[in-house]
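Mind having a look at this structure? Questions to follow.
Counting begins at 1 with the first residue of the sequence.
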Amino acid sequence: MKKIEDLRSAIEVLKTVPGQYQETYVPAEPHAEISGIYRYVGAGGTVKRPTKTGPALLFHNVKGHEDAKVLIGLLASRERVALLLQDRPEHLGFLLKEAVQNPIPPVLTDSGDAPCHQVVHYAWEEGFDIRRLIPAPTNTPEDAGPYITMGMCYASDVETKESDITIHRLCLQDKDLISMYFVPGARHLGAFREKAEALGKPLPISISIGVDPAIEIASCFEPPTTPMGYNELGVAGAIRKEGVKLTDCLTIEEKCIANAEYVIEGELLPNTYVREDQNTNTGKAMPEFPGYTGAANPKVPLI
């Protein structure tokens, strides 16, 4: 089977297996329409059990984003995840357990060779607007705003320099502002942010979007399985049997996934918070994984 090392090679593998992948050139609106279409393609139009397991779906024609594509449903079934991790569905738990116990650390690659740096936009350039560059969808008309839901957030402890990667919900709030929600508890980046804020310092952070699915799976580990100081990128390295390639960011002192489709570089600002639904006033955030719509958080940190 073809080696998977990024999102594009993962898609190529899915293309070889009937029923696992589909793409469309039909124009689709990122505001609630992409998710609405996938409700029928991916789940058969209902959330009643049992739901249909449809293919991953790539939208080539996203309205308002001529040069962008949106992929949905990549990790929607155990069978598909097994394909992407190149293992058997019934063995996935063992694979992840072994990967946590035998991590392979990431490796640093030259910034000039990194695919993520092929096209660069700077926030100080005239006309810059992150909302036009990133085709972040809303799932329902009541969402607080367009969300990045699979951004790999990478940051480091300001004192120990230990690094980690996690997934957080990120709402595009303005042309150069993104809110970041932290689930209460022992999240690694949450601890990094709180320490930096106590020192009155911003926390540099990179957000890598469109990466090897092994990184997305690995980044979901948290304490106590992976305690503070454990970089979950090592789990992804163990799954692939080689270290994840990182590269230096261009505008902050931090690393990012070298072969990501998008990388956003920014800083979590100390003592700076916004209401999550400040632009829509819906009182809602976005649908949570159990199936209900979560309430908008009244106070979330700002990148």
Requested in this report: Determine whether the side chains of Tyr230 and Glu232 contain a donor N or O and an acceptor N or O closer than 3.5 Å.
Outcome: no

Query raised in the report: Are His60 and Tyr25 close enough that their ring centres sit under 6.0 Å apart?
Result: yes

Query raised in the report: So, do Asp212 and Arg240 sit near enough that their side-chain heavy atoms are less than 4.5 Å apart?
Result: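 Yes, close enough: below the 4.5 Å cut-off.
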
Query raised in the report: Between the side chains of Thr280 and Asp277, is a donor N or O closer than 3.5 angstrom to an acceptor N or O?
Result: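 Short answer, no.
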
Requested in this report: Carefully, step by step, assess Cys153 and Ile167 under the rule side-chain contact (heavy atoms from CB on, under 4.5 Å).
Outcome: CA-CA 6 Å; Cys153 301; Ile167 299 173; over 6 Å; no

Query raised in the report: Will you find, in the side chains of His188 and Thr166, an N or O donor that is under 3.5 Å from an N or O acceptor?
Result: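 No - no donor-acceptor pair under 3.5 Å links their side chains.
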
Requested in this report: Using only heavy-atom distances, determine whether the side chains of Gln173 and Asn279 contain a donor-acceptor pair under 3.5 Å.
Outcome: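 Yes, because at least one side-chain N or O of Gln173 sits under 3.5 Å from a partner of the opposite role on Asn279.
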
Query - Residue pair Glu254 / Ser206, side-chain donor-acceptor N/O under 3.5 Å - result: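 Result is no, nothing qualifies.
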
Report task. Assess the side chains of Tyr147 and Glu276: does a donor N or O sit below 3.5 Å from an acceptor N or O? Result ->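 Short answer, yes.
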
Query raised in the report: Are Glu288 and Arg169 close enough for a salt bridge, meaning some N to O gap below 4.0 Å?
Result: yes

Query raised in the report: So do the side chains of Leu74 and Leu14 get within less than 4.5 Å of each other, counting heavy atoms only?
Result: yes

**Report entry** From Leu92 atom CG to Lys97 atom NZ, the distance as rounded to the nearest 0.5 Å
**Finding:** 15.0 Å

Query - Donor-acceptor pair between Arg275 and Asn297 side chains, under 3.5 angstrom - result: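 No.
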
**Report entry** No-hydrogen, no-angle side-chain donor-acceptor test under 3.5 Å, Tyr154 and Asn231
**Finding:** yes

Requested in this report: Report yes if the distance between the aromatic ring centroids of His168 and Phe182 is under 6.0 Å, otherwise no.
Outcome: yes

